[in-house]
Protein chains: 2
Amino acid sequence: MTDTRRRLIDGAIETLRTRGIAGISARSIAAAAGVNQALVFYHFGTVDGLLDAACRESTAARVELYRDRLAAVGSLRELLALGRELNIAEREAGNVAVLAQVLAGAQQDAALAATARESLRLWVAEVAAALDRVLAGSPVSELTSTSQLAPAVAAAFIGIELYEGVDAGAAAGALEAIESLAVLAEVLDDLGSVGRAALRVRLRRLRAESRD
Amino acid sequence: MTDTRRRLIDGAIETLRTRGIAGISARSIAAAAGVNQALVFYHFGTVDGLLDAACRESTAARVELYRDRLAAVGSLRELLALGRELNIAEREAGNVAVLAQVLAGAQQDAALAATARESLRLWVAEVAAALDRVLAGSPVSELTSTSQLAPAVAAAFIGIELYEGVDAGAAAGALEAIESLAVLAEVLDDLGSVGRAALRVRLRRLRAESRD
DNA sequence: GTCTATAGAGGGATAGAC
DNA sequence: GTCTATCCCTCTATAGAC
C-alpha cells in the first residue's frame, strides 16, 4: 500500500471519529490526511469507496490485534475481563465509535451495508469461537447457540459505545449489568445436575407454551 | 403547535429514517414536509434546532404510547414479549432507527447529545420501573440494580436495531439469544433457596476476588 | 407566516499541467 | 502520482416582498 493510500485511510478513520458520518467529505478527510483533495478520487474513485476501504482495513487490523488474546481465553470471567479491556482500549482509540458511525451510514447505503456486515462478521466469528470454548459443557449452551449469542454481544458493544457518547454514567452501568448477569451462568454451572434439571424443566415448559 | 411546525418535525423524522443523519439538511427535510425550505429557519432557527425538537417530540410520543402497556407488565416473560413487539413495531415505523441516527450524530455535537441523553432517560425510566416490578423478590435483583439493567436493555435495543439494517439474520439471532438468557433468571427463581444460596456463594467469591 | 431570491460557503468530481 | 483550477451542485442562512 502506498503512503498516500495509507494516509487517506487513516484520515478517513480520524474524520469519522472527530466529525462523524455526517461530517465526512473528500475535503475533510484530505485535510486530516494532510493530502490533496483530488487524491481521494484518484485512489478510491469516490468518497464512499474510501469509506468502504477504511472500514474494512481498520476492522481487519483490530480483529488481528485481538485474535491471539481471544484465542487464549479459557473462562467466561476471562472473556468478560478481555471484553472490558477491549471496550476501554477501543473507546480511547475511537474505533468502536467508527464502526458505529459506519453502521449508522450503512442503514441507507447498500454498499456500505455490505462492508459493515462483513466487518461485523469478522468480530463475531472471533467472539463465537471464544464463547464456544468458554461455554463448552455449560448448561447455557443448551439455552442458546454461540452463533446467536456472539451477535448479541457485538450489538450490545455497539449500543453501549453509542450510549457512552451521550451518557457515560448510564453506559458504565449497562456494562456492569451485563457482567453481573454473566454470574448467573456461573451459578448454574455450580449447581451441576440440579441446575441442569431445573433448566430442562423450564425449557420444556417454554417449548410447550410456544406450541400453543 | 402550528401545522407547519408539525409537518417539519414529521419531515425531519422521515428524513432521518430514509436518508440518515448524513442526509439531513433544511432542504431535504422541507421536501419531505412539503414545505418551503426557509420555514425551517423561521420556526426552529437552525437545522440542529429542528433535529432537537423532532427527537424530543418523537421520543415523548413513543414513550407515552407504551407507558400503559409497560405499566401493565407483570412478569419477565410478558416484558420480553412486549419488548419484541415494540422492537417490531418501532422497526416498521422506523423510530428506533431514528434514535440511533440521532445518537450517531450526537457523538460530535454537545447540544444533540443532551437531547439524546434526555430521550434515552425517558425510555430508561419506564423500562426500569417495569424491571423493578418484574424482578421484585427474584435473586437477580441481588446481582444487579434495575438502574443499571435498564440502560443495558436500551443499549442492546439500539445496537440490535443498527445491526438489523446491515445483517437482519444476525440481528434476529441476537434478539433470540437475549430472550433465551432470560430463562436463566426464571430457572434461578424455580430453584428457590437452593439457587439463592448458590448465588450468594458466587457473589461472595466475586467480591473477594475484586478486593485482590 | 409564507414565499422568492440570493449571498456565500462547502461539497463531488474532473481536466490538464507537472 | 500529485497538484491547481474549475464546473456545477447543494448547503445554511438571511433579506425583503407579499
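The analysis underlying the following values was restricted to heavy atoms, covering all of them including side chains, and did not include hydrogens, waters or symmetry mates. Chain letters run A, B, ... following the sequence lines, proteins first, then strands; residues in each count from 1. Being a predicted model, the structure only gives us computed values, none of them experimental.
- The side chain of B:A38 sits closest to C:dC3 out of D:dG1, C:dC3, C:dT2.
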- request: List the protein contact pattern of nucleotides 6-11 of chain C with one symbol per nucleotide (5' to 3'): B for base contact, S for sugar-phosphate-only contact, - for none; contact means a heavy-atom distance under 4.0 Å.
  value: -----B
Enumerate donor-acceptor pairs with a distance under 3.5 Å from any side-chain N or O in residues 93-100 of chain B to protein atoms, sequence neighbours excluded.
none

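- Salt bridge A:R6/A:E57: present, at least one basic N to carboxylate O contact under 4.0 Å.
- Taking atom CG on A:D3 and atom C1' on D:dT2, their separation rounds to 13 Å, with Å as the unit.
- Rounded to an integer number of Å, the gap from CG of B:L50 to P of D:dA13 is 11 Å.
- Rounded to an integer number of Å, the gap from CG of A:L39 to C1' of D:dT2 is 5 Å.
- A salt bridge links A:E64 to A:R67: one of the charged nitrogens lies within less than 4.0 Å of a carboxylate oxygen.
- Within 6.0 Å of the CZ atom in B:R19, the count of heavy atoms belonging to other residues, nucleotides or ligands does not exceed 12.
- At whole-Å resolution of the value, CZ in B:F44 and P in C:dT2 are 11 Å apart.
- Rounded to a whole Å, the CG atom of A:L8 is 12 Å from the C1' atom of D:dT2.
- Computed from coordinates, the A:L51 CG to C:dG12 P distance equals 11 Å when rounded to whole Å.
- Note: CZ (B:F41) to C1' (C:dT2) measures 15 Å, nearest angstrom.
- For the salt bridge (Lys or Arg N to Asp or Glu O under 4.0 Å) condition, no pair includes a residue of residues 94-105 of chain B, sequence neighbours left out.
- One interatomic measurement links the two molecules: CG of A:N36 to P of D:dT2, which rounds to 10 Å at whole-angstrom precision.
- The side chain of B:T4 contributes an N or O atom lying less than 4.0 Å from OP1 or OP2 of C:dT2.
- Annotation: side chain of A:L199 is not in contact with side chain of A:V140 (no heavy-atom distance under 4.5 Å).
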